[in-house]
Amino acid sequence: MALGNIAKQLAQQALTESITSKPSAPAQPESLAGIIVGQIHAMQRACKDDEELVVLCRSGAETIRVLEVIVPAWPVMVLSGLDETENTARVVTSAENVQLVCKVMKTQPSQKPIRVNIHLPKAK
């Protein structure tokens, strides 16, 4: 009899603790910049030796080929690259407003594929 009462008390205590325990903090949503960078990285990683990932960003009348993605803080993205006339250009934008066109293209046999460099914020 005593063993049955102990089991009953333990079960009741476990149920009470599960009900009264503090709910865990809600899961943090992934940052939008992190998702975008992850997609670029995954597409680039899948490129073969004779392919390169061409990332284009259009901002107003300008279109740049993105060669570097810098994320100084998770809500902000800096896209650095070349415009149509080979001038260095940067687009500083929020991750919510960035729109990129990414496509895998074959390189010329004599050319080395260009890879997009990615720089993420440093952990604090």
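Atoms considered below: every heavy atom in the structure, side chains included; atoms not considered: hydrogens, waters and symmetry mates.
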**Message:** Are Glu51 and Asp49 packed together at the side-chain level, in the sense that at least one heavy-atom pair is separated by less than 4.5 angstrom?
**Reply:** no
**Prompt:** Given Met77 and Ile36, is the side chain to side chain contact (heavy atoms under 4.5 Å, CB included) satisfied, shown in steps?
**Reply:** CA-CA 10 Å; Met77 295 182 76; Ile36 293 168; 3.9 Å; yes
**Message:** Just verifying a value: how many Å separate Met105 CE and Cys47 SG, rounded to the nearest 0.5 Å?
**Reply:** 11.5 Å
**Prompt:** side chain to side chain contact (heavy atoms under 4.5 Å, CB included) with Pro75: which residues, sequence neighbours excluded?
**Reply:** Ala73
**Request:** Name all residues meeting the side chain to side chain contact (heavy atoms under 4.5 Å, CB included) criterion together with Glu84; count only those two or more places apart in sequence or in a different chain, and write none if there are none.
**Result:** Thr63
**Side-chain heavy-atom pair Ile64, Leu56 within 4.5 angstrom cut-off** = no
**Complete:** When every non-hydrogen atom of Val66 is compared with those of Val69, the smallest separation belongs to CG1-CG2, 3.8 Å
**Asked** Any link between Ile118 and Met43 through a network of hydrophobic side chains (Ile, Leu, Val, Met, Phe, Trp, Tyr) touching at under 4.5 Å?
**Response** yes
**Message:** Could you measure the distance from the NE2 atom of His41 to the CZ atom of Arg115? Nearest 0.5 Å is fine.
**Reply:** 11.5 Å
**Asked** In terms of heavy-atom contacts, does CG of Asn87 have more than 12 from other residues, nucleotides or ligands at under 6.0 Å?
**Response** yes
**Request:** Output yes when a side-chain donor or acceptor of Thr107 lies under 3.5 Å from a complementary backbone atom of Asp50, and no otherwise.
**Result:** yes
**Asked** Do Leu32 and Trp74 come within less than 4.5 Å of each other through their side chains, counting heavy atoms only?
**Response** no
**Asked** Taking atom SG of Cys57 and atom CZ of Arg90, what is their separation to the nearest 0.5 Å?
**Response** 13.5 Å
**Item:** Same apolar cluster (I L V M F W Y, side chains within < 4.5 Å links), Val116/Val104
**Value:** yes
**Request:** May I have the step-by-step check of side chain to side chain contact (heavy atoms under 4.5 Å, CB included) for Val37 and Leu120, ending in yes or no?
**Result:** CA-CA 9 Å; Val37 168; Leu120 302 177; 3.8 Å; yes
**Message:** Are Cys102 and Leu53 packed together at the side-chain level, in the sense that at least one heavy-atom pair is separated by less than 4.5 angstrom?
**Reply:** yes
**Item:** Test log, rule side chain to side chain contact (heavy atoms under 4.5 Å, CB included), inputs Leu100 and Ile40
**Value:** CA-CA 10 Å; Leu100 303 173; Ile40 292 169; 3.7 Å; yes
**Request:** Scan for salt bridge (Lys or Arg N to Asp or Glu O under 4.0 Å) pairs involving residues 59-70, sequence neighbours excluded, and state none if there are none.
**Result:** Glu52-Arg65
**Request:** Please lay out, stage by stage, how Leu67 and Ile114 fare under the test side chain to side chain contact (heavy atoms under 4.5 Å, CB included).
**Result:** CA-CA 8 Å; Leu67 302 175; Ile114 297 172; 3.7 Å; yes
